[in-house]
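Indexing begins at 1, ligand by ligand and atom by atom, following the structure's order.
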Amino acid sequence: MKFIDPHIHVTSRTTDDYEAMAAAGVAAIIEPAFWLGQPRTNVGSFQDYFSSLVGFEKFRAAQFGIRHYCTIGLNSKEANNEALAEQVMELMPLFLAKENVVAVGEIGFDDMTAAEEKYLRIQLEMAKEVNLPILIHTPHRNKKQGTYRSMDIIEEHEIPPHMVVIDHNNEETCEEVLRRGYWTAFTIYPKTKMGNERMVEIVKKYGAERIIVDSSADWGVSDPLAVPKTGNLMLERGIPKEHVELTCYKNALAAYGQSGQFEESDWLSPDPIDQRSLFEGNSVLRGGQTPRVDEPEDDRIIQ
Ligand SMILES: [Zn+2]
């Protein structure tokens with residue numbers, strides 16, 4: 001079975017993770033722009049980060065057979081530095097126009113401050129202007145209140161729910177998010193919060209329509225294999241294969257496919273892996289390592 005992980009911060013993961021993800025069937029991933037664990041101090045840091053999301057990280061993923069896409073946005077925590085946030089708003093349109101950018105995100109609330117709301121609204125308008133889907137990060141504290149408030153604001157901006165993925169849901173929020181017509185995403189955190197056992201129960205209860213599973217794996221304790229593991233657990237627990245395909249592949253494809261930048265054909269017939277490839281003079285290999293060089297499909301000798 002093939003999987004999409006539509007929320008993973010692979011910049012902070014290792015090549016071992018990429019190899020394990022490809023072996024587990026992860027064919028395509030989306031890396032949302034977010035914060036770095038500490039606040040940035042100048043706009044150049046955002047510019048270089050956004051550039052790496054559309055540039056080097058896409059190249060790096062391809063060296064391991066995974067198609068990489070990203071979302072561009074100012075995260076909620078850093079929206080609280082208004083002087084910097086203004087400069088990021090000026091920078092964003094340039095990056096939203098790049099190939100492989102499939103949404104504006106992840107944006108939304110952290111502490112639910114006035115500044116967070118201001119830059120959420122500005123970025124919602126930006127997404128409307130360029131007709132891109134939106135990825136909403138919901139707060140980890142005051143989850144229910146923050147999630148409902150985010151949806152209210154989106155509705156004030158007259159953005160249709162089918163253009164919006166609301167992420168980091170739990171049992172407390174998902175019913176209302178589904179009821180209002182949004183793509184309803186769940187981040188599977190190992191050991192805490194939303195574990196994959198709980199995800200199985202949610203799909204049993206609500207079915208698979210508009211439900212999306214992701215890992216949000218980053219530099220913290222997280223699991224880059226959360227999507228394939230959850231998919232396999234669903235199958236073990238008797239959830240129909242079609243529901244697993246919807247929640248772990250097809251719904252993400254439909255939601256982000258609305259960007260016009262996220263097409264299955266991109267990863268179903270990929271270029272053969274050639275780790276001799278260079279990105280601005282650099283490869284993913286270090287001295288003495290043997291590059292993986294796959295033969296093009298047509299020339300492969302079947303024995
Ligand atoms: Zn994230």
Side-chain angles (χ1 to χ4, degrees), residues 3-14 17-18 21 26 28-40 45-46 49-50 52-54 57-58 61 66 68-80 88 92 95-96 100-112 116 119-120 123 127 132-143 146-147 150 164-170 173 177 182-196 199 211-227 230 248 251-252 255-256 259 262:
F3 298 100
I4 292 172
D5 188 344
H7 188 152
I8 181 166
H9 303 285
V10 264
T11 297
S12 25
R13 308 298 309 193
T14 65
D17 290 337
Y18 268 135
M21 287 159 67
V26 177
I29 56 175
I30 299 171
E31 176 159 19
F34 84 144
W35 78 309
L36 301 177
Q38 66 179 46
R40 294 167 177 91
S45 304
F46 278 95
Y49 175 63
F50 293 161
S52 76
L53 293 183
V54 297
E57 200 55 38
K58 177 184 169 230
I66 294 179
H68 178 282
Y69 302 82
C70 68
T71 76
I72 295 291
L74 172 66
N75 65 85
S76 50
K77 276 181 195 285
E78 289 178 303
N80 290 303
V88 178
M92 275 182 56
F95 284 96
L96 291 178
N100 294 314
V101 175
V102 299
V104 173
E106 50 189 302
I107 59 175
F109 284 121
D110 176 46
D111 258 344
M112 301 189 63
E116 289 169 19
Y119 292 101
L120 169 61
Q123 293 182 90
L132 276 178
I134 296 158
L135 169 59
I136 296 288
H137 163 98
T138 54
H140 300 294
R141 301 173 300 276
N142 296 323
K143 165 75 69 189
T147 304
S150 305
V164 184
V165 178
I166 307 276
D167 207 348
H168 313 314
N169 279 286
N170 61 23
T173 58
V177 176
Y182 293 92
W183 298 100
T184 307
F186 293 84
T187 297
I188 311 301
Y189 298 105
K191 297 175 206 160
T192 163
K193 291 182 185 166
M194 215 36 245
N196 54 9
M199 193 64 228
I211 287 182
I212 294 175
V213 176
D214 65 65
S215 74
S216 290
D218 57 17
W219 31 255
V221 179
S222 45
D223 184 0
L225 298 180
V227 176
T230 306
C248 298
N251 288 344
Y256 293 102
S259 65
F262 192 61

Please name all residues satisfying side-chain hydrogen bond (donor to acceptor under 3.5 Å, both in side chains) with Q123, sequence neighbours left out, ordered by chain then number. none
Just by distance, with hydrogens left out, do H7 and E31 show a side-chain donor and acceptor under 3.5 Å apart? no
Quick one: list whatever passes salt bridge (Lys or Arg N to Asp or Glu O under 4.0 Å) with D17, sequence neighbours left out. R13
Could you pull out the N/O/S protein atoms under 2.8 Å of the Zn ion (ligand 1), ignoring any water? H7 NE2, H9 NE2, E106 OE2
Does the side chain of N169 come under 3.5 Å of the side chain of T138 through a donor N or O and an acceptor N or O? no
Below 4.0 angstrom, N of the basic side chain to O of the carboxylate: do R141 and D110 qualify? yes
Applying side-chain hydrogen bond (donor to acceptor under 3.5 Å, both in side chains), name anything that partners N251, two or more places apart in sequence or on another chain. none
